[in-house]
Novice: 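Handing you this structure, nothing more for now.
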Amino acid sequence: MLADKIKKIKVADYQSIPVVVNESVSVYDAIVTMFLEDVGTLFVIDNDSLLVGVLSRKDLLRASIGKQELRSIPVNIIMTRMPNITMCYKDDLLIEVAQRLIEKQIDAMPVVKKTEKGYEVVGRITKTNMTKAFVDLAKDDLI
Ligand code: ADP
């Protein structure tokens with residue numbers, strides 16, 4: 001049954017490679033990274049490679065309006081920060097993560113691994129990954 005099949009799909013089956021920036025990089029450099037890496041969400045890490053924040057396109061646009069010093073403002077001033085980050089684990093069910101994206105009205109979340117010191121970013125899951133899963137299910141001729 002389709003519902004049973006959906007409930008077996010894990011985040012690990014569809015996650016992408018995360019794009020991360022250090023919390024000390026400038027807003028300007030984060031914008032350049034977002035373009036070069038062709039992603040809509042960047043994850044921000046500290047010097048221990050632990051997750052400290054999230055940057056969306058709108059965060060960067062908002063910071064850009066009317067500000068001249070984009071090269072000197074670090075991203076940790078404008079990012080959404082811990083503990084307010086919605087994240088998931090590679091073993092989570094994809095359908096539950098999809099529900100969380102909708103509830104929180106966000107486009108992406110980091111796939112993390114918990115360590116003693118904090119959370120390491122191991123992947124990225126986005127609405128695009130969800131679309132791909134949806135198409136794969138249709139290809140399986142189950143719909
Ligand atoms: P956009 O701003 O490009 O529409 P989002 O809808 O994903 O992208 O982001 C909306 C807001 O939610 C932004 O301020 C962003 O920092 C924040 N945000 C995005 N992803 C997450 C997340 N996984 N956890 C917490 N906040 C997030």
Side-chain angles (χ1 to χ4, degrees), residues 2-140 143:
L2 180 59
D4 296 332
K5 177 125 190 169
I6 289 171
K7 284 178 195 154
K8 286 199 184 100
I9 306 174
K10 299 281 179 72
V11 164
D13 301 327
Y14 281 93
Q15 71 186 46
S16 306
I17 294 165
V19 179
V20 300
V21 293
N22 188 278
E23 61 181 334
S24 63
V25 307
S26 67
V27 171
Y28 183 92
D29 284 341
I31 292 170
V32 172
T33 302
M34 192 172 270
F35 272 100
L36 291 179
E37 301 286 344
D38 195 20
V39 291
T41 309
L42 299 172
F43 303 125
V44 185
I45 56 171
D46 65 13
N47 290 334
D48 293 325
S49 294
L50 299 173
L51 177 67
V52 291
V54 171
L55 285 169
S56 76
R57 285 175 282 221
K58 248 177 277 159
D59 294 330
L60 295 172
L61 279 176
R62 195 185 304 114
S64 305
I65 298 171
K67 294 251 174 61
Q68 305 304 311
E69 338 79 81
L70 296 180
R71 281 190 165 84
S72 59
I73 309 168
V75 289
N76 62 13
I77 304 290
I78 65 150
M79 68 190 187
T80 299
R81 60 187 59 250
M82 288 289 262
N84 299 323
I85 299 183
T86 303
M87 45 201 180
C88 65
Y89 297 95
K90 68 177 173 52
D91 293 328
D92 286 351
L93 290 180
L94 195 68
I95 190 68
E96 286 174 6
V97 171
Q99 277 161 352
R100 236 177 292 159
L101 286 179
I102 293 168
E103 270 164 33
K104 303 278 180 181
Q105 300 188 336
I106 51 177
D107 293 344
M109 66 176 89
V111 183
V112 297
K113 194 173 133 189
K114 197 170 174 18
T115 71
E116 292 140 32
K117 291 197 285 177
Y119 296 95
E120 278 171 15
V121 183
V122 297
R124 170 170 67 97
I125 200 95
T126 70
K127 287 182 174 174
T128 304
N129 300 124
M130 301 299 173
T131 308
K132 183 163 188 308
F134 181 67
V135 169
D136 284 350
L137 284 164
K139 270 191 207 149
D140 281 354
I143 292 177

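Counting convention: from 1, in listed order, for ligands and their atoms alike. All residue numbers in this chain count up from 1 along the given sequence. Source: prediction; values computed, not measured.
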Novice: How far does CD1 of I85 sit from CG of L51, to the nearest 0.5 angstrom?
Specialist: 4.0 Å

Novice: To the nearest 0.5 Å, what is the distance between CG on L101 and CE on M130?
Specialist: 5.0 Å

Novice: To the nearest 0.5 angstrom, please state how far the CG atom of D59 sits from the CD1 atom of I31.
Specialist: 11.0 Å

Novice: Pick, from T86, L61, L60, L42, the option with the minimum heavy-atom distance to atom 23 (N) of ligand 1.
Specialist: T86

Novice: Which atoms of ligand 1 are found less than 4.0 Å from any heavy atom of M109?
Specialist: 23 (N)

Novice: Do any N/O atoms on A108 end up under 3.5 angstrom from N/O atoms on ligand 1?
Specialist: yes

Novice: Tell me the contacting part of M87 for ligand 1: side chain, backbone, both, or neither, using a 4.0 Å heavy-atom threshold, strictly below.
Specialist: neither

Novice: Give the residue, atom name and distance (to 0.1 Å) of the protein heavy atom nearest atom 10 (C) of ligand 1.
Specialist: S56 OG, 4.2 Å

Novice: Just need the protein heavy atom nearest to atom 22 (C) of ligand 1, so name the residue and atom and give the distance.
Specialist: I106 CD1, 3.6 Å

Novice: Which of the atoms of ligand 1 are close to R57, meaning less than 4.0 Å from one of its heavy atoms?
Specialist: 3 (O)

Novice: Among all the protein's non-hydrogen atoms, which is closest to atom 16 (O) of ligand 1, and how far away is it?
Specialist: D59 OD2, 2.4 Å

Novice: Just verifying a value: how many Å separate M34 CE and L36 CG, rounded to the nearest 0.5 Å?
Specialist: 11.5 Å

Novice: Using a 4.0 Å cut-off to any heavy atom of I85, which atoms of ligand 1 qualify?
Specialist: 24 (N), 25 (C)

Novice: Working note: D92 + I125, criterion side-chain contact (heavy atoms from CB on, under 4.5 Å); need CA distance, chi angles, decisive distance, verdict.
Specialist: CA-CA 11 Å; D92 286 351; I125 200 95; over 6 Å; no

Novice: So how far is it from E23 CD to L55 CG, rounded to the nearest 0.5 Å?
Specialist: 11.0 Å

Novice: Mark the output for G40 as yes if a heavy-atom distance to ligand 1 is under 4.0 Å, and as no if none is.
Specialist: no

Novice: What part of N84 sits under 4.0 Å from ligand 1 if we count only heavy atoms: the side chain, the backbone, both or neither?
Specialist: backbone

Novice: Testing the basics here: between F43 and M109, what is the closest heavy-atom pair and its distance to 0.1 Å?
Specialist: CZ-C, 3.6 Å

Novice: Run down the list D107, V54, I78, T80 and name the one with the heavy atom closest to atom 26 (N) of ligand 1.
Specialist: T80

Novice: What do the steps show when you test L50 against E120 for side-chain contact (heavy atoms from CB on, under 4.5 Å), and what is the final call?
Specialist: CA-CA 5 Å; L50 299 173; E120 278 171 15; 4.2 Å; yes

Novice: Please determine which of N129, D136, T126 meets the side-chain hydrogen bond (donor to acceptor under 3.5 Å, both in side chains) test together with Y14.
Specialist: D136

Novice: Which residue and non-hydrogen atom of the protein lie closest to atom 6 (O) of ligand 1, and at what distance in Å?
Specialist: Q105 O, 3.5 Å

